[in-house]
Amino acid sequence: MIKIAVTGAAGRMGGRIITAVQEADQLELAGAAERSGHDMVGQDAGLVAGCGQLGVAITDDLEKALAEADVLIDFTFPDVTLKNLEVCARLGKKMVIGSTGFTPEQRKQVEQHAAKIPVVLAPNMSVGVNACFKLLKEAASILGDGFDVEIVELHHNKKKDAPSGTAVRMGEVVAESLGRDYNECAVFHREGMTGERTHDEIGMQTVRGGDIVGEHTVYFIGMGERIEITHRAMSRDMFARGSARAAQWLDDKSPGLYDMQDVLGLK
């Protein structure tokens, strides 16, 4: 059995991950962590997650949560994730990261720690979304420069980063396939007399509201025709299952930085 620790254990995503770990045949929950002062510290992680008593108490001490664990699954925020990653690197624990919103500098820090331990970092753990990445690469390659590209993403009103990490990765995949630099061609806002759309730009539009789990559409818009590739998330369970799959995949891996394309064998 591969033993798993989960951060943000009392949160919505943490609870779904704990449930996914318990449902996986080769995984076992060994630790659960929350921020200091959280009301659920000391409570049974399984009861908090709604999947039954597991005998694993939520702690505010990450090292304690990692004591018996092989892999840490972290869906928190970049600043917190980097601190947790530093602990994992020091203790020799593997890590699965589903946090989004990393700056280029923070991404470099992840890469530095991944030289010591195996790490899966993915903006979206969904199998379906990662299939979309593959489809987008092929579509952009086939369609070439004859189609304008626009990306629209929708998420719940609690999401803190925009555009989503998934939308950014979609933009990067398309840009790479078209031979463009995403950081130079992405356009995040249009207002007033912006002039005609440039040939190379990739539009990135963000919608926030209600309880939308996540929706992404990439438009390839040509003259007289339009192709749309859409992924809609109906629940957080698919992200949780994907993270559990990634944790299992890491079992025999060497230090390095991986993503879900590696986990799913899509590269």
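A heavy-atom distance below 4.5 Å is not found between the side chains of V119 and Y258. At a threshold of 4.5 Å between non-hydrogen side-chain atoms, the residues T81 and M95 count as touching. At a threshold of 4.5 Å between non-hydrogen side-chain atoms, the residues F77 and K160 count as touching. The closest side-chain heavy-atom distance from V120 to V263 is below 4.5 Å. Residues T217 and Y219 meet the side-chain proximity criterion, which asks for heavy atoms closer than 4.5 Å. The shortest side-chain heavy-atom distance between R236 and M238 does not fall under the 4.5 Å cut-off. For the pair K158/D211, no side-chain contact is recorded, criterion being any heavy-atom separation below 4.5 Å from C-beta on. In this structure, Q248 and R245 have side chains that are not in contact, with every pair of non-hydrogen atoms separated by 4.5 Å or more.
Cluster annotation: M125 is not connected to L121 through the hydrophobic network of ILVMFWY side chains, with a link wherever side-chain heavy atoms come within less than 4.5 Å. Under the 4.5 Å side-chain heavy-atom criterion for grouping Ile, Leu, Val, Met, Phe, Trp and Tyr, V152 is not connected to I229 through any hydrophobic cluster. A continuous path of hydrophobic side-chain contacts links V174 to M170 [ILVMFWY only; heavy atoms under 4.5 Å]. Cluster membership check: V173 does not share its hydrophobic cluster with V187, using side-chain heavy-atom separations under 4.5 Å among Ile, Leu, Val, Met, Phe, Trp and Tyr. Transitive grouping of hydrophobic side chains (ILVMFWY, heavy atoms separated by less than 4.5 Å) keeps V56 and L66 in distinct clusters.
Between the side chain of N84 and the backbone N or O of V87, no donor-acceptor pair lies under 3.5 Å. Of the possible donor and acceptor atoms, one in the side chain of H156 sits under 3.5 Å from a partner among the backbone N and O of K159. Between the side chain of R16 and the backbone N or O of F239, no donor-acceptor pair lies under 3.5 Å. Using modelled atom types, no side-chain atom of D161 and backbone atom of S164 make a donor-acceptor pair closer than 3.5 Å. Between the side chain of K137 and the main chain of F133, no donor-acceptor pair closer than 3.5 Å is present. The closest donor-acceptor contact from the side chain of Q22 to the backbone of L29 lies under 3.5 Å. Side chain of D262 to main chain of D259: a donor-acceptor pair is present (N/O by atom type, distance under 3.5 Å, no hydrogens or angles). Under the 3.5 Å distance criterion, the side-chain polar atoms of K134 are matched with a main-chain donor or acceptor of L266. Of the possible donor and acceptor atoms, none in the side chain of D251 sits under 3.5 Å from a partner among the backbone N and O of A247. Side chain of N130 to backbone of N124: a donor-acceptor contact under 3.5 angstrom is found.
Smallest separation of non-hydrogen atoms from K94 and C88: O-SG, 4.4 Å. Of all heavy-atom pairs spanning A45 and A32, the tightest one is CB-CB, 3.7 Å. Among all heavy-atom pairs drawn from G37 and D60, the shortest one is N-OD2, 4.4 Å. Summarising the geometry of F188 relative to A186, their closest heavy-atom pair is CZ-CB, 3.7 Å, with the distance given to 0.1 Å. The nearest pair of heavy atoms linking A33 to L62 is CB-CD1, 4.2 Å. Closest non-hydrogen pair, A175 versus C185, comes out as CB-SG, 4.3 Å.
Between E201 and R180 there is no salt bridge, since no side-chain nitrogen of the basic residue lies less than 4.0 Å from a carboxylate oxygen of the acidic one. Ionic pairing of R197 and E150 is present here: one or more N-O contacts between side-chain nitrogen and carboxylate oxygen are shorter than 4.0 angstrom. Note on K108 versus E105: no salt bridge recorded, every NZ/NE/NH1/NH2 to OD/OE distance being 4.0 Å or above. The residues R232 and E215 are annotated as salt-bridged, a charged nitrogen and a carboxylate oxygen being separated by less than 4.0 angstrom.
Within 6.0 Å of CE in M1 there are more than 12 heavy atoms belonging to other residues, nucleotides or ligands. Within 6.0 Å of atom CD in E86, 12 or fewer heavy atoms from other residues, nucleotides or ligands are found, so the atom counts as exposed in its surroundings. Other residues, nucleotides and ligands contribute at most 12 non-hydrogen atoms within 6.0 Å of the CD atom of E68. The environment of R226 atom CZ is sparse: at most 12 non-hydrogen atoms of other residues, nucleotides or ligands sit within 6.0 angstrom.
Side-chain N/O atoms of D79 and Q106 include a donor and acceptor closer than 3.5 Å. For the residue pair T76/D74, the side-chain donor-acceptor check at 3.5 Å is satisfied. Residues H189 and E191 bring a donor and an acceptor atom of their side chains to less than 3.5 Å of each other.
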Show your working on side-chain contact (heavy atoms from CB on, under 4.5 Å) between I97 and F102 and close with a plain yes or no. CA-CA 11 Å; I97 301 173; F102 289 94; 4.0 Å; yes
Should K93 and E63 be marked as a salt bridge (charged side-chain N to carboxylate O under 4.0 Å, His left out) after you check the CA-CA gap, both sets of side-chain angles, and the distance that decides it? CA-CA 10 Å; K93 306 292 185 177; E63 292 196 22; over 6 Å; no
Can I18 and L54 be said to form a side-chain contact (heavy atoms from CB on, under 4.5 Å), step by step? CA-CA 10 Å; I18 289 170; L54 300 177; 3.9 Å; yes
Chi angles and distances behind the side-chain contact (heavy atoms from CB on, under 4.5 Å) call for I221, F147: CA-CA 5 Å; I221 308 169; F147 286 70; 5.7 Å; no
Starting from the C-alpha separation in whole Å, work towards a yes-or-no answer on side-chain contact (heavy atoms from CB on, under 4.5 Å) for E28 and V21. CA-CA 6 Å; E28 177 184 346; V21 167; 5.8 Å; no
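One distance of note links CG of L85 with CG of L72; it measures 9.0 Å at 0.5 Å rounding. Atom-to-atom distance recorded for I151:CD1 and H216:NE2 is 9.0 Å, nearest 0.5 angstrom. The OG atom of S141 lies 12.0 Å from the CG atom of L136; values are rounded to the nearest 0.5 Å. In this structure, CG in D25 is found 11.5 Å from CD1 in I2, a value given to the nearest 0.5 Å. In this structure, the separation between CD1 on I4 and CD1 on I17 is 10.5 Å, given to the nearest 0.5 Å. The distance from the CE atom of M13 to the OG1 atom of T7 is 10.5 Å, given to the nearest 0.5 Å.
Residue E153 forms a side chain to side chain donor-acceptor pair (under 3.5 Å) with just one option from Q205, R208, H231, and that option is R208.
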